[in-house]
Amino acid sequence: MTAPARTAGVAAMIRRPPAPPDSRINRDILSVMEGAGPGYWLLLLAAVVVVHVAGAIWVYQVYKGLGIAGYVHPVFWGVYIVTFVFWVGIAHAGTLISAILYLFRAKWRNAINRSAEAMTVFAVLTAAQFLGIHVGRIWKSYFILPYPNQRALWVNFKSPLLWDTFAISTYATISAVFLYIGMIPDLAIARDRAVGWRKVLYTVLALGWQGTSGQWKAHTRTTLHLSGLATPLVLSVHSVVSWDFAMAIVPGWHTTIFGPYFVAGAIFSGFAMVLTMMIPVRRIFGLEEYITDYHFENMSRFLLLTSTIVGYAYASEYFMAWYSGVEPEQSSFWLRAFGPYWFSTWAMILCNAVFPQILWFKKVRTHIPTLFVLSVLINIGMWFERYVIIITGLSREYNPSTWGIYTPSWYELGILAGSFAFFCMFFLIFLKLFPVIAIAEMKELAIHEKAHGSGGSH
Amino acid sequence: MPEIDRRDFLKIVGIGAGGAAASGCADHVEKLIPYVVQPEVITPGLPVVYASTCLECPSACGLHVRTREGRPVKLEGNPEHPINRGSLCGRGQASIGRTYHPDRFRKPQRRGAGGGLEEATFAQATADVAAKISASPGGTWVLGGPTGPTLSGLIDRFVAAVGAGGRLVYEPFSHDGLREASRAVFGVAGLPVFDLSGVDFVLDLGADSFESWLSPVEHQRQVLEARDVASAAGRTARMVYVGPRLSMTASSADLWLPARAGSEGLVALAIARVVFERRQAAGLPVGGDPGLLGPLLAGFAPEKVAAATGLAAADLRRVGEQMAEARRAVALPPGDGLASSRAVATNAAVLVLDAALGAVGRNVGLPAEPPAGQPARLAEIAELVAAMNAGSVSVLLVHDANPVHTLPPELGFREALAKVGLVVSFAPLADETTELAHWVLPDHTPLESWGDAAPRPGVRSVVQPTIRPLYDTQALGDTLLEIARQMGEATAAKLPSGSFRGVLEASFAGADFAAVLAKGGVFAPAPLRAGAVLPGVAKLAFAAPELAGDGEHALLVHPSPLLYDGRGAALPWLQETPDPVAKIAWQSWLEMSRATAEALGVETGDVVSVETPAGRAEVAAFPRGGIRDDVVALAVGQGHRVGLYASHANEGRPGEARGANAVELLPAARDEAGGRAWLSTRARVAATGGHARLALTQKSDNKRGRQLGEVVALAALLGHGGSAAHAGAHEMRRPYDPAADAVGDSPYRWGLTIDLDRCTGCSACAVACSIENNIPNVGEEQVIRSRQMSWLRIERWVGEGEQDLRAGRPPREDHEQLGRIDVRHTPMLCQQCGAAPCEPVCPVLATYHSPEGLNGMIYNRCIGTRYCSNNCPYKVRRFNWFDYAIEKWPDPLPLMLNPDVTVRGQGVMEKCTFCVQRIDLARQAAKDAGRPIGDGEVTPACAQTCPSQAIAFGNLRDEKSRAAALVRENGARAYKALHALNTRPSVGYLARVVREPASRIEESPHVASAARDQEEA
């Protein structure tokens, strides 16, 4: 890998980490999968319990009706859609890292791409739940699929919600395939070391990988092509999600900035979630050698960039509301900042646009506890961003006689908590079942290092 | 028998379980069972309509009862009936629910040993009651509401036949003051007839003539017709309202004089004096004897009474001058809410004004002779209570009334009832009085009954059954006849043999009874009877009323526009329809001025205590600009402890009173002649520190200048001719082109034109819509969350509103001002947009554009994403948050469901369909006849019932349709709601006309700009 990589700014600037020797890589990374302490089981149990509580709430909601949620006329979308958009956003870091950074040859991604891809898949899975949780008649929700039927009923291709369905299902497919393809060589390594049922599992999953040059060639090529396919998705999926709002005439939704604004926000929240998850994982499993401060610093730079874009979008929205002279738009934005939802709005602005500015300082970018706190704050802020957009927009639209203020019910918050548990549950299982860092790619880095000597960029 | 081994056993069990599980997945299958012998008049699927009469209030509107397969499903006005001419108010619309009410008694009830009611039979009941009456005939009394003349005559004959002590007709709002005033002024005790057709000036002195006074539907139609701007071009009638609060009726007036409560008589005399002077000076005729009126009015110059009324003398003088110049002016005396200790004098003063205006014999007719069955005055009821206390009443028969709830507790009726040996109630529905009765002999509901009504001379309206009685009930007349028969031959001989129906039919002797039934009654024009003012009127003391207590505020207890005297509280359709003024449903609230609220330190919804010498209540505060500082107002109607909907029983709290019973705050005060005085006490109001969650359906009356409820000044309108073509009109207001929005070559584009100048906010349309379309009543808790399902609501805007960004904070915005009206009632329903924002966003095409331009809604296809509602700028879509079809229709209410309209299930969106089922019915008829659907063949429920004909429905592609013609003829008033969004609605609004100089009401910028554009063109 030579010249073209230099053109990628971020990749060129970075200092590569010292890679551990080959034999240790296998051992270190696969050791994460071995055994599980009581702490792990406790965490998993907690996650499973919360998922079941949320499931019970959901069953009750299906039985009783959506009225148990906090919806008031005219706020007909609530926490469920907020959380849906939040998880779709989270899902963006994975593909960005695996596809775009792959194409840009930003080698530092190798340490984090596996976990980021896994998070993508789990986040999309979590998000998809909310489409079902949100609708009034889950038992008829298959209507949204364009399946052939005798009655010649068809779907409405004009509806952004239908685009959403396609976008999410495509994204889920691609990210799952990406995760799996990338994992095949590692599964083969795991297969070679595993015993018992794991042996069977990995044997099946590894698809007979032998590491021959032919296989490697095919693998590299597949990854390249998949990256090419996935790259536009990074931009399109959240653009499509943003159109759920931008295509509507609701004040505060109907704006052209939503595409880039949502994509930037998605990457922002995705990286924040990677940080939130990987900082404890690295600490617990002692992976400091593989995931180094240097990785975190690079992710921080992404956070800083996207935070600035998001902050710009906030400012631009307010500017446009004022500059347009459209009174319903102005009222809507006034409501955001100074109405009953002020807390959400200021939480969003502070967490997403103001606090991340401390990342201008290298000391902060390399101070892991601060980064961890910041990443959690950003996650909260990004959830509130969607809350602000969706709820305030709907609360005060064109007809002031129907204005209403929404407060989530405990049921909704229970399902929100369940979504985090759902995500964590998958991640915890993943940690013990699959290599959390791409072994093959780490080795590739190590080989590189041997060939080019340590230090400096290649 | 072969042995079954373990494997086979498991197989069979597995198949069985699987089959059972699979069949459990299928939807519940219901079968339609055809008639074995089909009744002659019934064609399944087609309605059969019977004429009848609404008995919900004394105005006796004619009904067309629409039945399907033997069940009444909808009430509509009888177009041939002289009182209501096809319209019906919300109370009348909702009264269908009495027949299917869960509170109905299914059998006669006897008070058991344990104190509870036990089921019995009519045979047992009549035998027991007959025995008790026979034991002491003189101790038997009948206390009941007003009934039709035939039933009333029968009751009188029963009383005479059994030798009973007597009979009192009891009605809470009995207009005692007006009856006595009529005697004092004209010598005839009874209610004068007010015919407001063709008037050019109406002075409503707190009558609230559009909501609860003598004949609200009739008055509303007459006044709004006289006010029409298009036909009368400039001769549109003026309307002035005098009263302490901006009531629903007041909001339709041109001028509001917020007089001190109880001073209406003085206002009337001051105006009468100006009228008298003016007319004398101009040599115009004065109704009445000038020699009598001159000295009578001498002491009431506007300048003298101004202070006592709280008004400016100049305003009184101006109104007087306008009325003097008017050709057909009329003044309406105050309603019962303002009946004070001076009620007779107050009403007499207004009748004197009418005489001075020459209105008597023209718009005001005297009753021919005091008809029998007049309501008793409070003094007479007090005598009965005294007799009950003295133990001289042994049997009390109570019918068509709920005296325990509606009589002031100070009177002691409830306690006296305990001393009566046998209390018999004939109420069909459980209420506070049946709770104390020993026997309940349930009467039929009006839809199951025979009967008649004679609301005024020349009108005899008939009541006929439209369904076989649902339960083991018996008509009151028949029960009385049966009791008499049980008492022996001698008694029975004094009464008609046969049934009450026979008595009724005999009373129509000479007329073809079948024809009478088909028409709905016998109607003959009856000229209004004139009369001269009697000298005795001068003896009345015209002065401010005396109020009990020492609080700072007079307590105004007024009839509720929807619940009336509380009889409507049992009907969930009325409970769920927001009050036309406060926009609150299911609850009670105390109206107070903003200054009062500020002094108390309370905001909307804070609980205050109201204390009078008679009682104390806690109720939510409702501060508003439209009420005097020295008055607090509480509507009658709530506070019931019995009834599924009247109390909190439907929320699982039986026995808990819903809201406050205003009557319990009133002393048993009387007017000069012993009639009931309602405006009788002062109240101390204090904050309690509590807060109530109000079921407030409209939290802001600030339309923020948006194009919602528009007005246009009359001057501007007349200056431009009112019907000018739209050439060169503003781009955003170009005439609607129906061709653009109906698909292809469809001959129809359905549309609705709503004339805001005619809308009074009475909400009859909303109730009618609810019943026609099987809309569930979701209850107080859900309305608090704004989850009411109403497809049609009336928005109440005050003024043009302001764009202050800080405004609009909860709990409520209020832009009313004392003495200023500028209320714009705006019915808001699905606008059936040509470019509907709801349509493209639905992923499953559950909402789509029909070829005739309707926004169709396919419930079966809806998966409930609720995106359509988000994208609807009018916010007229409703969502089924729960399974209301099951939860909100307890038995036997499902019998009332309109079979033409789908009952929506949980999780689907719904909205106004323009009553598409009626369009389809008309389409079938037209198709059979091989012609297109003509104008007027389809009328949605809202347009059908509107008392002021504010709503016109029709095919916009047909230029001759009324809906299209109205827009064309009123071009300068026409606009589309939120037109700037380019949704191209098919609902057109005609702006309200401001008749007073524009300084009082600023003109809407949208309509003003349209007028400008026309001028430029």
Side-chain angles (χ1 to χ4, degrees), chain A residues 62 64-77 131 134-144 153-165 244 247-250 253 326-328 330-331 333-335 338-340 390 393-394 396-405, chain B residues 697-706 708 782 785-788 793 795-797 801 803 805-806 808-810 813 826 828 837 839-846 848 860-867 869-875 877-883 905-909 977-978 981:
Chain A
V62 170
K64 186 77 186 156
L66 272 169
I68 65 165
Y71 299 108
V72 293
H73 191 77
V75 186
F76 277 13
W77 283 5
L131 291 177
H134 165 83
V135 297
R137 299 207 298 169
I138 174 82
W139 52 95
K140 299 284 184 198
S141 54
Y142 62 90
F143 283 174
I144 208 168
L153 294 174
W154 205 231
V155 289
N156 182 7
F157 285 99
K158 284 187 206 164
S159 170
L161 279 187
L162 189 73
W163 309 342
D164 238 19
T165 312
D244 283 351
M247 302 298 281
I249 61 169
V250 177
W253 286 15
V326 176
E327 189 266 323
Q330 293 173 345
S331 298
F333 278 88
W334 183 275
L335 169 72
F338 305 110
I390 295 169
L394 292 174
R396 292 187 181 171
E397 286 189 46
Y398 297 100
N399 188 337
S401 80
T402 56
W403 288 357
I405 298 298
Chain B
T697 60
Q698 185 179 343
K699 294 174 185 72
S700 168
D701 61 14
N702 177 4
K703 79 185 182 78
R704 306 168 90 82
R706 299 180 188 177
L708 289 161
Q782 294 298 309
R785 293 166 164 241
S786 307
R787 288 179 182 171
Q788 63 274 20
R793 62 170 181 267
E795 292 173 353
R796 184 179 185 272
W797 304 112
Q803 302 192 356
L805 290 172
R806 273 162 294 194
R809 292 193 206 186
E813 243 187 298
T826 313
M828 181 52 71
E839 286 169 6
V841 299
C842 176
V844 295
L845 285 170
Y848 75 110
N860 269 345
R861 180 71 174 163
C862 178
I863 59 172
T865 68
R866 307 188 289 291
Y867 201 169
S869 174
N870 287 350
N871 218 26
C872 171
Y874 307 99
K875 288 287 169 277
R877 287 173 162 269
R878 302 293 185 183
F879 188 72
N880 286 273
W881 297 108
F882 295 106
D883 201 349
Q906 172 189 325
V908 303
M909 192 63 77
L978 300 173
L981 294 175

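Lettering of chains follows the sequences in order, A, B, ..., and the numbering in each one begins at 1.
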Test item: Lys699(B) and Trp403(A) side chains (from C-beta on) under 4.5 Å apart, heavy atoms: no

Ring pair (Phe, Tyr, Trp, His ring centres under 6.0 Å) partners for Tyr874(B), two or more places apart: none

Test item: Arg137(A) side-chain N/O and Cys862(B) main-chain N/O as donor-acceptor pair under 3.5 Å: yes

Heavy-atom proximity to chain A below 4.5 Å, by part of Glu839(B): backbone

Face-on cation placement of Arg866(B) at Tyr71(A) ring, 6.0 Å and 45° thresholds: yes

Asp883(B) portion near chain A, given a 4.5 angstrom heavy-atom threshold: backbone

Greatest number of heavy atom pairs closer than 4.5 Å to chain B - which of Val72(A), Leu161(A), Leu162(A), Leu394(A): Leu161(A)

Side-chain heavy-atom pair Asn399(A), Cys872(B) within 4.5 angstrom cut-off: no

Any donor-acceptor pair under 3.5 Å from Asn156(A) side chain to Pro840(B) backbone: yes

Side chain proximity check, Thr402(A) to Arg793(B), heavy atoms < 4.5 angstrom: yes

Closest non-hydrogen atom pair between Phe879(B) and Gly136(A), with its separation: CZ-CA, 3.8 Å

Contact class of Leu978(B) relative to chain A, heavy atoms under 4.5 angstrom: side chain

Under 3.5 Å donor-acceptor, Trp77(A) side chain and Thr865(B) backbone: yes

Within-4.5 Å side-chain heavy-atom neighbours: Lys140(A) and Val844(B): no

Side chains of Ile68(A) and Phe882(B) in contact at under 4.5 Å (non-hydrogen atoms): yes

Structural part of Thr697(B) lying under 4.5 Å from a heavy atom of chain A: backbone

Heavy-atom pair count under 4.5 Å with chain A, highest-scoring of Lys875(B), Arg878(B), Gln698(B), Arg785(B): Lys875(B)

Ring pair (Phe, Tyr, Trp, His ring centres under 6.0 Å) partners of Trp797(B), counting only residues at least two apart: none

Per-residue contact mode, Pro837(B) against chain A (heavy atom under 4.5 angstrom): side chain

Heavy-atom check, side chain of Arg706(B) versus side chain of Ser331(A), under 4.5 Å: yes

Whether Gln906(B) side chain and Val62(A) backbone form a donor-acceptor pair below 3.5 Å: yes

